[in-house]
*Asks:* 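Can you read through this structure? Questions will come right after.
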Amino acid sequence: MLAALKRLGIERLYSHQAQAIYAATAGPAIVTTGTASGKSMCFNLPTLHILCEQARARALYLYPTKALAQDQARALASFGLTKRVRPAIYDGDTPREARAQIRESANVVLTNPDMLHMGILPNHTVWRDLFENLAIVVIDEAHVYRGVFGSHVANVLRRLQRVAAIHGSYPTFLLTSATIANPVELAERLTGLENVGLIDEDGSPTPHRRIAVWNPPLTDEKLGTRRSALGEAAELLARLARDGARTICFMKSRKGVEVLARLVKQDLTDSNPELAELVVPYRAGYTAQQRRELEARLMTGELRAVITTDALELGIDIGELDAAVVVTFPGTVASLRQMWGRAGRRGRGLAVYVAGEDALDQFFCRHPEDFLDRPVEAAILDHESPLIYRAHLQCAAHEGDLSSSDARFLGPHWESHAEILASEGKLRRRKVPASTYVLRQPESYPAAEVSLRSASPESFAIVDVSSGELLGSTEAARAHSTIHQGAIYLHQGRSYEVRELDLEHRRALVSPFDGDWYTQPKRDTDTEIVRLLDRRESLGVTLSFGEVSVTDTVLAYQRRRLSDHAQVDIIALDLPSTSFSTQALWFELDAAELARELSMESLLGSLHATEHAQIAVLPLIAMCDRWDIGGLSTNLHPQTQGATIFVYDGHPGGIGITRTAFARFEELCRDAYRLIAECPCASGCPSCVQSPKCGNLNEPLSKAGARLLLERMLGTPVTMTDSCSGPSERQHLLA
Ligand SMILES: [Zn+2]
Ligand SMILES: [Zn+2]
């Protein structure tokens, strides 16, 4: 073991690595520090130690992507302990003939949650040797397991522990995560274990990283329009290439990647044509071989810049470069940090963020210190989200009869869910032994029916008609609004146009799209309060949390130009209403008091703008996408009998987003207020109260009214920090 470390040139361990080795013997732990390789050392060392000590011991490594599992398999092989450590990847690409061999002899099995759920757990009897000797489970990049995916994975990990216990083993869990606000809570929710240790004291030297936040200058202060982030980024990348820096640049959409690469090449062709060839876009379609080649060319400095979508952020293996440029906000500060973390070759690097015009972009831009000094976002998941939980309860019943001893892994409420499944004809209750549940159809394979990426089993398939390829699926509850006929649909950074939404066969036929517009549905939404779960008075309003039923009718869609968001046309749709139940928070305002100061039109606009602003900043509290959240504001709700704003979880059953928002409502209001009050626009713009997903097409909206309303609630004046409004202002800060 020591010899193996020496071979890798490691003479002594950093404090957090030594801590991790200790923790592995003490109980579950989560590591949040260190560079990627330093973090892996924290779980590789204890694993290797156990494997070297105990000949029969086995370990399971879980990775969110296949590419990451491959990187780790290579890292394990580099220890050179070939007799004692036999890693193998077991995923969808593993050849059938190799599988039996891996089951029998690999003592580090690297896989992904989907394979564990669908292939390994349901067949645990053929994996007996692994489960009987399972000593360590490693969950790398745990922050990825949040939202719907996280809620599923939390259930898969409970099933894993249950199956291991059936075979008599109780493995230790080691997790790693990017810097988030709640690493221990995340680890405990994911695994169901208590007293998870936190290893966050970083003993490794951090590269000296210069951070620059760049806000493109305003072109029209009143409308809030700015110079394009793409254009600004292109200038910067060309400059870095000329200066000889090796750069990686991240962007959300694939189209953006292509456009940016073209702009940089153009810029360079004029001044330094030999450099233009050294800037390349990194595409999703590359084979593993092509990717490795590109990564190698970048690492050796043969290439100057690679521009990529953040979808690939986790799968690119390039070590550290001179500069990392992130164009437009990647959704969470945690992923921004991770992208920036690529800058730091030879102990120093430049990390740049170029802001777009979206609300979060501009908000971040005005308060970089706020966001960077402390982790603000919490990774949220809810393993008891009813639809998800029951789907896995059926899988668990397939893996072994459910009985009272299962409360330990499946939680205290398992039996009430089992009763519901029994009443739906999916489980059968046995009289002897008492309270035992089995599948009604023993030959069924429930795991095959459950996708870990969707909250409800009811989904629509998305098929590319040009290639016949199945691109993915979307929850039925969202199908009408996201894949209606004519919709422009973004999948892994690539645009498609929906040719036909086939309601009967639950599928959308799409084809690749290259036009210069996007679409926004117009819809009519109703919320009905089904059950009140919690209530408190706060900021002068009655704040509630509970279950609601959301009914949605998509009426039409608007086509808007990409360049300036102007409306091209509006096209009517004829779609039936859909409804789903989920969790929501809502708060009731004193309408009589508001009516004294605001006209009816302005009251509606104020409520609506307040709702938009709250939804815009919610991802900063609960790590999620604004597309995961919905809202509704009304001056008179039939159940509350007053002016009410609803913010609801967009996934059937809910996954905990609004529960967190309920608990941190004051922060939510404060951030929404700052978002509005600091925006330099005159009467609302995409950087504050306009929403790219508004079902009412941003009508009516009153920025001034929302400001007044929030001021009232918060008892302002709220202390404001300096805002970067002037066209001359370009912020730089050093870290
Ligand atoms: Zn604005
Ligand atoms: Zn709206």
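Numbering of ligands and ligand atoms starts at 1, following listing order. Counting from 1, the numbers follow the sequence of the chain as shown. Hydrogens, waters and symmetry mates play no part in the numbers below; they use all other heavy atoms, side chains included.
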*Asks:* For the Zn ion (ligand 2), find the closest N/O/S atom on H612 and give its atom name.
*Replies:*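 Going by distance to the Zn ion (ligand 2), the closest N, O or S atom in H612 is NE2.
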*Asks:* Kindly give the heavy-atom pair with the smallest separation between C688 and L675, and that separation in Å.
*Replies:*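 Distance-wise, the nearest heavy atoms are O-CD2, 3.7 Å.
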*Asks:* Less than 4.5 Å apart, side chain to side chain, heavy atoms only: is that true for L501 and H480?
*Replies:*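 They are in contact (side-chain heavy atoms under 4.5 Å apart), so the answer is yes.
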*Asks:* Under 2.8 Å from the Zn ion (ligand 1), which protein atoms of type N, O or S occur, listed by chain and number?
*Replies:* C679 SG, C681 SG, C685 SG, C688 SG
*Asks:* So with a 6.0 Å cut-off around CZ of R506, is the heavy-atom count from everything else above 12?
*Replies:*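 Buried by this count: over 12 neighbours within 6.0 Å.
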*Asks:* side-chain hydrogen bond (donor to acceptor under 3.5 Å, both in side chains) for Q362 and S687? Distances and angles first, verdict last.
*Replies:* CA-CA 6 Å; Q362 289 300 315; S687 304; 4.9 Å; no
*Asks:* Regarding E497 and R559, does a basic nitrogen lie under 4.0 Å from an acidic carboxylate oxygen?
*Replies:* no
*Asks:* Taking only residues two or more places apart in sequence or in another chain, which ones pass side-chain contact (heavy atoms from CB on, under 4.5 Å) with L387?
*Replies:*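 Counting only residues at least two positions away or on another chain, L387 forms a side-chain contact (heavy atoms from CB on, under 4.5 Å) with S456, P652.
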